[in-house]
There are 2 protein chains.
Amino acid sequence: MAGEALGKDIGKDFGKPRQLDFPRPLTTVDVVIFAIRDDSLRVLLVQRPAGEGEPFPHAWALPGGFVDVAKDRDLAACAARKLREKTGVTSPYLEQLGSWGSATRDPRGWSATHAYFALIPDQGGELASDARWFPLPGGRLKDKLAFDHGDILATAIQRLRNKVEYTSLPAYLMPAEFTLPDLQRVYEIVLDRPLEKSAFRTRILSADMIEPVAKMRRGPNRPAQLYRLKKGRAPVYFVRTFNPPE
Amino acid sequence: MAGEALGKDIGKDFGKPRQLDFPRPLTTVDVVIFAIRDDSLRVLLVQRPAGEGEPFPHAWALPGGFVDVAKDRDLAACAARKLREKTGVTSPYLEQLGSWGSATRDPRGWSATHAYFALIPDQGGELASDARWFPLPGGRLKDKLAFDHGDILATAIQRLRNKVEYTSLPAYLMPAEFTLPDLQRVYEIVLDRPLEKSAFRTRILSADMIEPVAKMRRGPNRPAQLYRLKKGRAPVYFVRTFNPPE
DNA sequence: ATGCTTAGTTGTACAGTCCAACTTACTTAG
DNA sequence: CTAAGTAAGTTGGACTGTACAACTAAGCAT
């Protein structure tokens with residue numbers, strides 16, 4: 001089947017197929033999907049099937065799979081499709097993370113995966129039965145994942161942490177309306193360290209990325225102003241990081 | 001042939017090959033190689049061959065090509081090999097840039113490329129006859145490149161510029177020994193704007209990334225201290241960017 | 001000696017974080 | 001009705017590092 005499709009491609013447009021006449025790696029796309037749930041950063045994992053010939057049966061893995069050359073126009077569309085299938089989210093923050101390819105990462109042969117990472121608000125709803133949100137940092141989680149997904153996840157966390165130091169990415173983890181202390185809390189969860197309240201407020205408010213809505217969040221103490229993301233706002237890059245620990 | 005290799009992979013380890021029985025995208029690796037030459041930022045391009053069945057004959061393209069599942073252990077090794085073949089450089093700064101895959105980027109079929117970007121010092125020596133250093137920004141260069149290499153190159157330049165704002169990456173573009181004004185000039189070439197001398201010196205010297213050698217660069221005016229990169233020094237990340245224009 | 005050029009330093013202004021104390025607005029207990 | 005408690009939000013001084021500009025230093029040429 002693969003050989004036949006290959007032959008067709010060659011035969012249609014070109015006379016000398018020799019140059020394409022070699023084995024091709026497997027091509028997959030995987031998505032690291034982050035959300036904040038119950039005051040912790042979580043990643044969505046799915047359990048590998050256990051059929052004959054399936055690698056890593058029952059192990060947890062990043063959602064993903066083979067590129068379908070008939071259905072997927074490009075890699076980003078493929079990643080968006082997988083995200084949508086697992087979470088129902090259609091307009092998330094979706095960024096390419098990198099690619100991992102080697103002779104040994106998949107027992108079925110030389111394979112390369114294109115990894116994406118997505119930030120979505122907590123959806124609340126139910127997941128497919130084979131999917132679960134795992135809290136991070138995840139103890140021995142890294143060692144238990146299928147393929148090299150532990151490495152990919154570690155890279156994603158590192159990238160997220162790094163970018164949170166100087167960007168507005170956590171805004172994409174927030175629900176439609178949120179307070180500044182809410183947002184600060186999400187920054188602190190991701191960075192795993194407390195931030196200065198006044199510097200945080202100055203930075204966020206001067207970035208022109210959120211706007212107040214005419215409502216307050218009421219509670220057992222002083223009410224807090226609610227904000228929402230400005231429409232179509234691209235991520236903001238600050239000229240400084242938060243001062244890193246030591 | 002491709003089909004046969006595929007079959008072999010399947011037959012060897014697994015009983016039920018159905019799941020792998022579909023067409024596979026082409027897998028390539030391309031490398032964006034930057035260097036400073038004649039006081040300008042340059043990228044290495046190679047001219048496409050003109051044989052029958054070759055896409056984009058005579059067009060300029062990034063150095064790269066198909067992954068060889070027999071020779072290349074992983075993607076990074078493949079990229080390092082291509083860099084070495086074209087430039088002779090063996091221990092450069094090599095970073096993954098991202099991947100581009102779609103049904104249409106290569107007329108031979110659905111294909112995905114893994115792009116890397118490398119920073120190397122000016123080698124001086126001769127190149128292969130099909131290779132040339134093109135100065136950047138390159139006018140209409142972007143539109144003339146084969147495949148989607150114009151997009152890849154634009155992304156690489158953007159990434160380089162962005163990182164130069166807050167990292168020591170330009171150090172990898174320098175020869176073994178250089179002066180602080182030399183290094184500042186390279187920063188300015190990449191960023192295409194002048195930087196403040198005193199702030200620049202403070203930043204670099206306090207980053208513990210270079211060390212003085214017991215020599216001065218002599219010229220028609222005051223001699224300048226020569227420095228070299230500290231051994232095994234990973235790139236430095238500064239907590240601030242240079243103050244961006246406007 | 002004088003001037004020219006580039007290397008390198010110094011000092012003031014300014015921006016933004018750090019740190020800590022403070023005020024504000026609401027709830028709950030008495 | 002008041003007092004205590006808590007979280008929201010503000011204020012001000014210390015500190016860090018860049019911006020800007022003037023300065024000194026070291027070589028060469030005339």
Side-chain angles (χ1 to χ4, degrees), chain A residues 39 164-168 170 174 177-189 191-228 236-246, chain B residues 39 164-168 170 174 177-189 191-228 236-246:
Chain A
D39 212 44
V164 164
E165 292 280 357
Y166 60 92
T167 71
S168 63
M174 305 303 292
E177 298 185 349
F178 54 88
T179 69
L180 276 177
D182 288 347
L183 182 59
Q184 181 173 350
R185 180 70 193 132
V186 171
Y187 270 84
E188 291 174 341
I189 288 170
L191 293 178
D192 193 31
R193 72 172 197 267
L195 295 179
E196 272 305 307
K197 183 167 50 163
S198 61
F200 181 82
R201 299 177 67 93
T202 307
R203 170 182 286 215
I204 299 297
L205 290 174
S206 62
D208 191 41
M209 53 182 264
I210 59 176
E211 56 192 4
V213 298
K215 270 188 290 186
M216 306 292 277
R217 152 114 21 110
R218 310 192 70 84
N221 38 41
R222 179 171 175 172
Q225 179 64 54
L226 282 165
Y227 293 86
R228 66 172 167 227
V236 174
Y237 288 72
F238 305 109
V239 299
R240 284 205 206 175
T241 64
F242 293 106
N243 274 21
E246 77 237 57
Chain B
D39 212 43
V164 164
E165 292 281 357
Y166 60 91
T167 71
S168 63
M174 306 303 292
E177 298 186 348
F178 54 89
T179 68
L180 276 176
D182 288 347
L183 182 58
Q184 181 172 350
R185 180 69 193 133
V186 170
Y187 270 84
E188 291 174 340
I189 288 169
L191 293 176
D192 194 29
R193 72 172 197 267
L195 296 178
E196 271 307 306
K197 182 167 49 163
S198 61
F200 181 82
R201 298 177 67 93
T202 307
R203 170 183 286 215
I204 299 297
L205 290 175
S206 62
D208 191 41
M209 53 182 266
I210 60 177
E211 56 193 4
V213 297
K215 268 188 291 184
M216 306 292 277
R217 152 112 21 107
R218 310 192 70 84
N221 38 44
R222 177 172 175 172
Q225 179 65 54
L226 281 166
Y227 294 86
R228 67 173 168 228
V236 174
Y237 287 71
F238 305 108
V239 299
R240 284 205 205 175
T241 64
F242 291 107
N243 274 20
E246 90 232 51

Next on the checklist: Working note: B/E177 + B/R217, criterion side-chain contact (heavy atoms from CB on, under 4.5 Å); need CA distance, chi angles, decisive distance, verdict.
Outcome noted: CA-CA 10 Å; B/E177 298 186 348; B/R217 152 112 21 107; over 6 Å; no
Item to check | Residue pair A/V186, A/V164: steps toward the side-chain contact (heavy atoms from CB on, under 4.5 Å) verdict | outcome: CA-CA 10 Å; A/V186 171; A/V164 164; over 6 Å; no
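Between B/R193 atom CZ and D/dA19 atom P there is a gap of 8 Å when expressed in whole angstrom units. Per the geometry, CZ belonging to A/F242 stands 18 Å off C1' belonging to D/dC15, to the nearest Å. If you take CD of B/Q225 and P of C/dT9, they are 10 Å apart, rounded to a whole angstrom. Regarding A/L195, its CG atom lies at a distance of 11 Å from the P atom of C/dT17, rounded to whole Å. One interatomic measurement links the two molecules: CD of B/Q184 to P of D/dT18, which rounds to 12 Å at whole-angstrom precision. For B/R185 and C/dT6, the CZ to P distance is 12 Å, given to the nearest whole Å. Rounded to whole Å, the distance from CD on A/E196 to C1' on D/dT10 is 13 Å. Between the P atom of D/dC20 and the CZ atom of B/F200 lies a distance of 16 Å, rounded to the nearest Å.
For the pair A/R185 and A/F178, the cation does not sit on the ring face, since its NZ or CZ is not both under 6.0 Å from the ring centre and inside 45° of the axis.
Between A/P181 and B/K197, the residue anchored nearer the 5' end of DNA chain D, judged by the nucleotide with its closest heavy atom, is A/P181. Residue order along DNA chain C, read from the 5' end via each residue's closest nucleotide, puts B/D182 first among B/D182 and B/T202.
Counting heavy atoms from C-beta outward, A/D182 and A/Y227 have side chains that stay 4.5 Å or more apart. Side-chain contact check for B/F242 versus B/R193: some heavy-atom pair is nearer than 4.5 Å.
Nearest approach of B/Q184 to B/E196, heavy atoms of both residues: NE2-C, 4.0 Å. Residues A/S168 and A/F238 approach most closely at N-CE1, 4.0 Å, considering heavy atoms.
Taking 4.0 angstrom as the limit, B/R240 places none of its side-chain polar atoms (N or O) nearer than this to OP1 or OP2 of D/dT16. OP1 and OP2 of C/dG16 both lie 4.0 Å or more from every side-chain N or O belonging to A/R203.
Classified by interplanar angle (parallel below 30°, tilted 30° to 60°, perpendicular above 60°), the ring pair A/Y166/A/Y237 is tilted.
When each of C/dT17, C/dT9, D/dT10 is scored by its nearest atom to the side-chain atoms of A/A199, the top-ranked nucleotide is C/dT17.
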Checklist entry - Just by protein heavy atoms under 4.0 Å, how would nucleotides 24-30 of chain C read 5' to 3' in B, S and -? => result BBBS---
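In the region residues 209-217 of chain B, proximity to DNA chain C at under 4.0 angstrom, judged on heavy atoms, holds for none of the residues.
Side chain of B/Q225 to main chain of B/V213: a donor-acceptor pair is present (N/O by atom type, distance under 3.5 Å, no hydrogens or angles).
Residue A/S198 places a side-chain atom within donor-acceptor reach of the base of C/dC19, judged by atom type and a 3.5 Å distance cut-off alone.
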